[in-house]
Amino acid sequence: MSVLDIDSQARHFMARALKLAEKGLYTTHPNPRVGCVIVKNGEIIGEGWHERAGEPHAEVHALRQAGERARGADVYVTLEPCSHHGRTPPCANALIDAGVSRVWAGSADPNPLVAGRGLERLQQAGIAVQCGVLQTECETLNIGFFQRFKRGRPWVRLKTAASLDGRVALASGASKWLTGESARQDVQRLRARSSAIVTGINTVLADDPALTVRDDGVSQASAGRVRQPLRIVLDRQLRLTDNLQILADTGNPVLIVTTPQALASQPAVRLERLRQKAEILTLDPTLDLSAFLAELASRGVNEVLVEAGGTLAGAFLQQGLCDEYWLYIAPKLLGPEGIPMANIPSVDRLSKVPHFKIQSLVQVGNDVRMVMVPDLTSC
């Protein structure tokens with residue numbers, strides 16, 4: 001078989017492993033989404049994916065399916081097999097014990113606890129190793145996981161629903177429902193893949209959102225095991241009251257981020273009521289967003305979805321902390337008195353405004369979804 005044939009086969013089976021990994025899109029937090037395929041004589045004899053943190057990794061599922069036939073087989077796994085004891089034993093050891101002959105990895109693991117050690121352990125055991133098959137695709141599937149270890153902060157998606165004239169609500173604040181049912185279901189899937197959802201206190205007081213994942217399509221895609229993301233409210237003056245929807249379900253985690261000054265000014269009885277329903281975190285008086293994201297990274301948060309009004313959305317944009325902008329555009333006009341989608345400072349030249357590249361543009365029901373990334377070449 002030629003080198004070209006070998007490379008083509010590797011891409012084929014790694015693509016299958018990626019499809020398997022995607023099945024964990026909504027469930028693996030804080031772990032990465034990983035798929036594994038075991039092949040012998042050109043035939044898949046075992047496959048699996050990591051389904052949930054604390055449960056067996058993709059390689060273990062695939063090895064169980066392959067059984068004794070795994071000896072002498074090729075393994076295609078989207079991420080370097082782990083080499084350390086966490087909540088489960090090292091997958092590198094399991095592959096060695098199974099007697100596989102070659103491991104093809106999509107990407108090295110950025111976690112310092114692994115970071116090449118898994119591949120090295122396989123090589124020391126006499127197993128041939130090849131890394132970098134469909135590497136871009138494998139890393140994109142876990143873009144927040146990679147960013148958390150490489151840059152010390154989660155991947156941030158900003159989501160906004162706006163009218164054709166860039167308004168998110170009427171002057172009165174009324175915004176339900178600006179977009180249609182299909183767009184709202186699409187947002188549920190976006191929420192479900194996120195480790196955390198961030199909003200501001202003004203949005204909570206105006207709209208009283210629950211910010212939970214509640215779409216049947218998400219439940220079906222995750223085999224009914226919907227994981228609720230951490231819900232976070234940035235509340236500088238600690239105005240959140242315990243009768244709002246976001247605090248109604250005490251079974252799902254909520255984090256209130258405020259300042260030491262606001263915390264110190266609250267009556268002990270009120271703080272006790274809030275702490276029964278949420279964790280309270282204090283940051284410096286400015287609620288510095290970079291420090292906030294670093295704190296989330298330290299908690300294992302990979303992907304953040306910001307669902308907020310113009311003030312908080314503008315702050316993320318102005319500080320260059322938006323990695324993806326998901327804009328849902330409704331074919332409606334709200335007029336000049338409507339509330340703008342992002343509050344950013346006025347500038348005197350177009351060259352100074354934030355620039356984006358459009359990654360995708362699709363119709364969702366009667367609305368349009370535009371996914372954009374910062375255009376760094378224009379900076």
Side-chain angles (χ1 to χ4, degrees), residues 9-109 111 113-131 133-134 137-139 141-142 145 193 219-227 302:
Q9 177 174 284
R11 290 193 297 271
H12 170 75
F13 288 119
M14 190 63 74
R16 173 58 186 167
L18 269 167
K19 283 292 183 184
L20 293 168
E22 288 172 1
K23 293 187 176 186
L25 187 67
Y26 303 135
T27 58
T28 63
H29 166 83
N31 291 352
R33 300 129 184 163
V34 181
C36 179
V37 172
I38 301 178
V39 178
K40 198 168 190 178
N41 299 323
E43 175 192 356
I44 295 177
I45 60 173
E47 59 182 28
W49 67 94
H50 183 43
E51 299 176 15
R52 209 172 189 87
E55 297 182 5
H57 289 185
E59 299 94 322
V60 174
H61 286 298
L63 287 170
R64 286 175 179 173
Q65 194 177 105
E68 287 299 319
R69 293 187 297 168
R71 188 163 300 277
D74 282 12
V75 177
Y76 299 84
V77 61
T78 56
L79 188 68
E80 173 185 2
C82 62
S83 57
H84 66 291
H85 282 271
R87 284 185 275 187
T88 58
C91 291
N93 289 5
L95 292 170
I96 293 168
D97 293 342
V100 305
S101 65
R102 181 184 294 271
V103 172
W104 305 77
S107 175
D109 193 325
N111 186 341
L113 294 175
V114 185
R117 293 184 179 91
L119 298 177
E120 182 181 0
R121 182 172 298 180
L122 294 172
Q123 289 176 316
Q124 290 173 346
I127 297 172
V129 170
Q130 182 72 39
C131 188
V133 182
L134 299 185
E137 293 86 343
C138 291
E139 293 184 0
L141 181 61
N142 291 301
F145 180 77
R193 71 167 296 167
S219 179
Q220 293 167 8
S222 58
R225 305 173 71 187
V226 175
R227 174 193 57 80
N302 294 323

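Note that the coordinates shown come from a computational prediction; the quantities given were computed from them, not determined experimentally.
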- [ ] Looking only at non-hydrogen atoms, find the nearest pair between A108 and C131 and report the distance.
- [x]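 Minimum heavy-atom contact is N-SG, 3.5 Å.
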Open item on the list: So R52 and H29, do their side chains get closer than 4.5 Å, heavy atoms only?
Closed with: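 No, side chains not in contact.
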- [ ] Working to the nearest 0.5 Å, report the span between CH2 of W49 and NZ of K19.
- [x]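 Result: 13.5 Å between the selected atoms.
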Open item on the list: I want to check something: taking the side chain as every heavy atom from C-beta on, are C138 and L18 in contact at a cut-off of under 4.5 Å?
Closed with: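 C138 vs L18: side chains touch.
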Task: Spatial distance of atom NE2 (H61) from atom CD (E59) [nearest 0.5 Å] - done: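 So the gap between those two atoms works out to 10.0 Å.
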TODO: Measure the shortest side-chain to side-chain distance between L141 and E22 over non-hydrogen atoms and say whether it is less than 4.5 angstrom.
DONE: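 Sidechains of E22 and L141: in contact.
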Task: S101 versus I127, closest heavy-atom pair with distance - done: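 Closest pair (atom of S101, atom of I127, distance): O-CG2, 3.6 Å.
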Task: L79 side, atom CG; R33 side, atom CZ - distance, nearest 0.5 Å - done: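 One gets 12.0 Å once the value is rounded to the nearest 0.5 Å.
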Task: Main-chain N/O of P56 paired with H50 side-chain donor or acceptor, under 3.5 Å - done: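 Checking the backbone N and O of P56 against the side chain of H50, a donor-acceptor pair under 3.5 Å is found.
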Task: Closest non-hydrogen atom pair, L20 against C36 - done: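 Shortest heavy-atom separation between L20 and C36 comes out as CD1-O, 3.6 Å.
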- [ ] Taking the side chain as every heavy atom from C-beta outward, state whether N142 and N302 have any pair of such atoms under 4.5 Å apart.
- [x]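 A side-chain contact under 4.5 Å is absent here.
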Open item on the list: Could you measure the distance from the CD1 atom of I38 to the CZ atom of R64? Nearest 0.5 Å is fine.
Closed with: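 Those atoms lie 12.0 Å apart.
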- [ ] Look at the side chain of T28 and the backbone N and O of E51, then say whether any donor-acceptor pair between them is shorter than 3.5 Å.
- [x]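 Such a contact is absent between T28 side chain and E51 backbone.
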- [ ] Return the minimal non-hydrogen interatomic distance between V133 and A10, and the atom names on each side.
- [x]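 In this case the closest contact between V133 and A10 is CG1-O, 3.7 Å.
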TODO: For the residue pair R121 and N93, confirm or rule out a side-chain donor-acceptor distance under 3.5 Å.
DONE: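 Yes, a side-chain donor-acceptor pair sits under 3.5 Å.
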Open item on the list: So does R69 get a backbone contact from the side chain of K40, meaning a donor-acceptor N/O pair under 3.5 Å?
Closed with: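 Yes, because the side chain of K40 sits within donor-acceptor range (under 3.5 Å) of the backbone of R69.
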Open item on the list: Restricting to non-hydrogen atoms, name the atom on P81 and the atom on A92 that form the minimum distance, rounded to 0.1 Å.
Closed with: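 Heavy-atom minimum between the residues: CB-N, 3.9 Å.
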Open item on the list: Taking V37's backbone N and O only, do any of them form a donor-acceptor pair with E47's side chain (distance below 3.5 Å, no angle check)?
Closed with: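 Checked: no pair found.
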Task: Interatomic spacing from CD in Q130 to CH2 in W104 - rounded to 0.5 Å - done: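 Spacing of CD (Q130) from CH2 (W104) equals 5.5 Å.
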TODO: Output yes when a side-chain donor or acceptor of N41 lies under 3.5 Å from a complementary backbone atom of E43, and no otherwise.
DONE: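 Side chain of N41 to backbone of E43: no pair is present.
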Open item on the list: Just verifying a value: how many Å separate L63 CG and E68 CD, rounded to the nearest 0.5 Å?
Closed with: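 Separation between the atoms: 11.0 Å.
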Open item on the list: For a 4.5 angstrom cut-off between non-hydrogen side-chain atoms, does T78 reach P32?
Closed with: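 Heavy-atom side-chain distance check fails, nothing below 4.5 Å.
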Open item on the list: Does either side chain, that of S107 or that of E139, offer a donor lying less than 3.5 Å from an acceptor on the other one?
Closed with: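 Result is yes, a qualifying pair exists.
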